[in-house]
Each structure stands twice: as C-alpha cells, then as structure tokens.
Amino acid sequence: MATTVPSLSLNNGTTIPQLGFGVFQVPPAQTADTVTKALEVGYRHIDTAQMYGNEQETGVALSASGIPRDELFVTSKLNNGFHGPDDARRTFDETLAKLGLDHIDLFLIHWPLPTLYDGDYAGTWRTLLEFVADGRARAVGVSNFQPAHLDRIVAETGVVPAVNQIEAHPFFLNDEARAATHRHGALVEAWSPIAQGAVLDDETIAEIAAAHDKTPSQVTLRWHVQRGDIVFPKTMSPERMAENFAIFDFELTDDEVAKISGLDRGEDGRTGPNPDTFDYVPA
Ligand code: NDP
C-alpha cells in the first residue's frame, strides 16, 4: 500500500506535507538524479535554498518528473547576502527561474543576521510579504529565528510567519524557539532532524527502534512527526530515502516520546551556528 504523508495546515490556509526531502549538501552535479530518486520513492515536498547552490538542478528534476505542480511542495530560502529589498526581489525572481516555477510554495529568510543590515530583519520580512501579495509565494516564513526575532517581526508587521525552520533533534530540542514559534501560531520545521546522523548510535533510540522493528532513523523521524513538527531528512542513498519515508505504519508510545525528548543536551546539543551571532555571508 502506498504511504500517505499527512498534510499540516499552515496559518494562511495552505497545507504542507509533514515529511519532505532536504537537499542541503547534495552536490549540484548529483542533485537532479537525487531529487528524481526521492520523487520516485514518493516524496513530494523538497527543501532547498539559494545558499545550497542546487535550485537549478532541483528544478530540472521537478520538471522532468511530470508530477502535476499542485502535487508538489517546494521551499527555498533567501541567501544571507541578499537581505536588502532590491537584492531580495532580484534573487527571488532568480529562484523561481532556476526552479522553473511561476510560484513557490514557501520562501524563508534563511538566517535573521541580527548583527548585519543594522539588525533590520523586520524590513527583510516586509519584502518577503510582497511575494505573497503578488501571488508568487503561497506562503512565507523564517528560519533560525530566536524568540526575540519572532516577537519583533510580528510586532512590526502584524504578520506571523507560516513556519520557523530551526535546528531540532533529540540532542537539541531547542525548546524556547519552538515554544515561541507555537505561541505565535506558526509551525516548526526541524532541520537536521537526525542531527546529521549523530543520534543514530544512541542506545535509548536503538532500544526503542528494536522494540518496533524499525531503524533509529525511522524512530527519530517518527518522534518529530508525533510532536507535530515538519521534517525533511537528507540522504543521497535511495535505500535510506525509502527507509526515512516508511514512518507512518507504527506509533511511539507517550513514554517512548518522553524518553527520546529526555536525551536533550540543551545548548551543548546544538550542532549548527547560534542564530544570535551567526553572520556568515557567502562570497
Ligand atoms: P539530517 O539530519 O537530515 O542528516 C543527513 C545525514 O544523515 C546525511 O549525512 C545522510 O547521509 C545521513 N542519513 C540520512 N538518512 C539516514 C539513514 N536512514 N541512516 C543513516 N544515515 C542517514 O541533516 P541535514 O543537515 O541535511 O538536514 C536536513 C535538511 O534540513 C537539509 O537537507 C536542509 O533542507 C535543512 N537544513 C536547513 C538548515 C537551515 O539553516 N535552515 C540548516 C541545515 C539543514 P547520506 O546522504 O550518506 O545517506
């Protein structure tokens, strides 16, 4: 029986498949082939970014697939060098052209960069709202926004992002950013959902996986889904694509969910940069 991926409702009335496929660190030369394989497995939600350098190749796979546009959900993100309004508008045009789309499902501010651009990420947010107004983005959101960043853009514009895409996995629950996202009425997208593989050797997760005859990756992704978050694991391997997709035929108990949440290491578990200080701008 074909797997049905649940859809979640975003706060603007559109829907998003809860499980997708991420293409961070998929080399451009292998992206078309990798995304094609993911679509064959059944993924319909693809998460890319201007910074990943593989939008064009993602677009090649999407158009070659022949899958109707309304069955696909495509996300991209504004690169860190392009927060100025003119740059954001120009590169959003380029994103659509590279992806071969006349509209995108979700477009995010990749990082808030509070120490750059005079800290004006609210101005950047205002520019993204133009893309919804002109119909070229079905939804817009943010990524790596801390509670104070969310509070500020909502206070200044009155518009709540559809999602906040943040680092979250069993070793780093990122509870404060997650709670703030929910308090504003947005959904959490959990990036690096298996901590780039780091959680897969954990004994607690391995024990729970064995109890369900599932793999540690499947149990971890299932944990995210049962917490109501959106995930898009990355893998280059077709076998792992299928493995990560097969998470809707079993259920963790509340106790198992709590045990996995208990692996949280707080800030020590963070694998990526801290959004309060991150100021990387690609050359
Ligand atoms: P993930 O947590 O998805 O882990 C990916 C790594 O785990 C790869 O090395 C992959 O190796 C391995 N892997 C995947 N599945 C399995 C499996 N079943 N068993 C064993 N190993 C496995 O990390 P990502 O950082 O890629 O995060 C996922 C997505 O989140 C990204 O692709 C991107 O879309 C998004 N993201 C967003 C960020 C942001 O700032 N907004 C930052 C980071 C990620 P292999 O390929 O060899 O299988």
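Order of listing sets the numbers, starting from 1, for every ligand and every atom in it. Reckoned from all heavy atoms, side chains included, excluding hydrogens, waters and symmetry mates. All of these numbers come straight from a predicted model, not from anything done at the bench.
- Here's the thing with L200: none of its N/O atoms is less than 3.5 angstrom from an N/O atom of ligand 1.
- Side chain of N164 to main chain of V188: no donor-acceptor pair is present (N/O by atom type, distance under 3.5 Å, no hydrogens or angles).
- Close contacts between ligand 1 and S217 involve ligand atoms 17 (C), 18 (N) [criterion: under 4.0 Å to a heavy atom].
- For D249 and R222, the salt-bridge test fails: no basic side-chain N is under 4.0 Å from an acidic carboxylate O.
- Residue-ligand proximity, H110 to ligand 1, at heavy-atom distances under 4.0 Å covers atoms 39 (C), 40 (O), 41 (N).
- Using modelled atom types and a 3.5 Å distance limit, the side chains of N54 and T48 yield a donor-acceptor pair.
- Closest protein heavy atom to atom 40 (O) of ligand 1: N144 ND2, 3.0 Å.
- The protein heavy atom nearest to atom 48 (O) of ligand 1 is T235 OG1, 2.5 Å.
- Listed by number with element, the atoms of ligand 1 under 4.0 Å from a non-hydrogen atom of S143 are 39 (C), 41 (N).
- Scanning the protein heavy atoms around atom 24 (P) of ligand 1, the nearest turns out to be S192 OG, 3.6 Å.
- A distance-only check finds no donor-acceptor pair linking the side chain of W191 to the backbone of G22 [under 3.5 Å].
- Between Q196 and ligand 1, at least one pair of N/O atoms sits closer than 3.5 Å.
- Between H110 and F82, the distance separating the two ring centers is not shorter than 6.0 angstrom.
- Within the 4.0 Å heavy-atom shell around ligand 1 one does not find Q25.
- Here the shortest heavy-atom distance to atom 29 (C) of ligand 1, taken over F24, F232, Y52, belongs to F232.
- With salt bridges taken as basic N to acidic carboxylate O contacts below 4.0 Å, none links E40 and K37.
- Electrostatic pairing of D47 and K234 does not count as a salt bridge here, judged by no charged N lying under 4.0 Å from a carboxylate O.
- Protein heavy atom closest to atom 19 (N) of ligand 1, with residue, atom name and distance, is R240 NE, 3.6 Å.
- Looking at D255 and T253, their side chains never bring a donor and an acceptor atom within 3.5 Å of each other.
- Taking 4.0 Å as the cut-off between side-chain N and carboxylate O, R178 and D229 count as a salt-bridged pair.
- Ligand 1 has no N or O atom lying under 3.5 Å from any N or O atom of K77, backbone or side chain.
- For the pair G272 and ligand 1, no heavy-atom separation below 4.0 Å is found.
- A 6.0 Å sphere centred on CG of D254 holds no more than 12 heavy atoms belonging to other residues, nucleotides or ligands.
- Listed by number with element, the atoms of ligand 1 under 4.0 angstrom from any heavy atom of A195 are 2 (O).
- Among all non-hydrogen protein atoms, the one lying nearest atom 15 (N) of ligand 1 is N244 ND2, 3.0 Å.
- The option from M236, K234, E239, Q165 that lies nearest to atom 26 (O) of ligand 1, judged by heavy atoms, is K234.
- Considering only heavy atoms from C-beta on, L19 stays 4.5 Å or farther from V225 through its side chain.
- Distances from atom 2 (O) of ligand 1 to the heavy atoms of I194, V142, T75, D47 show the closest one on I194.
- Protein heavy atom nearest atom 43 (C) of ligand 1, with residue, atom name and distance: W191 CE3, 3.2 Å.
- With a 4.5 Å cut-off on side-chain heavy atoms, H184 and D151 count as touching.
- The W111 neighbourhood of ligand 1 comprises atoms 40 (O), with distances under 4.0 Å to a heavy atom of that residue.
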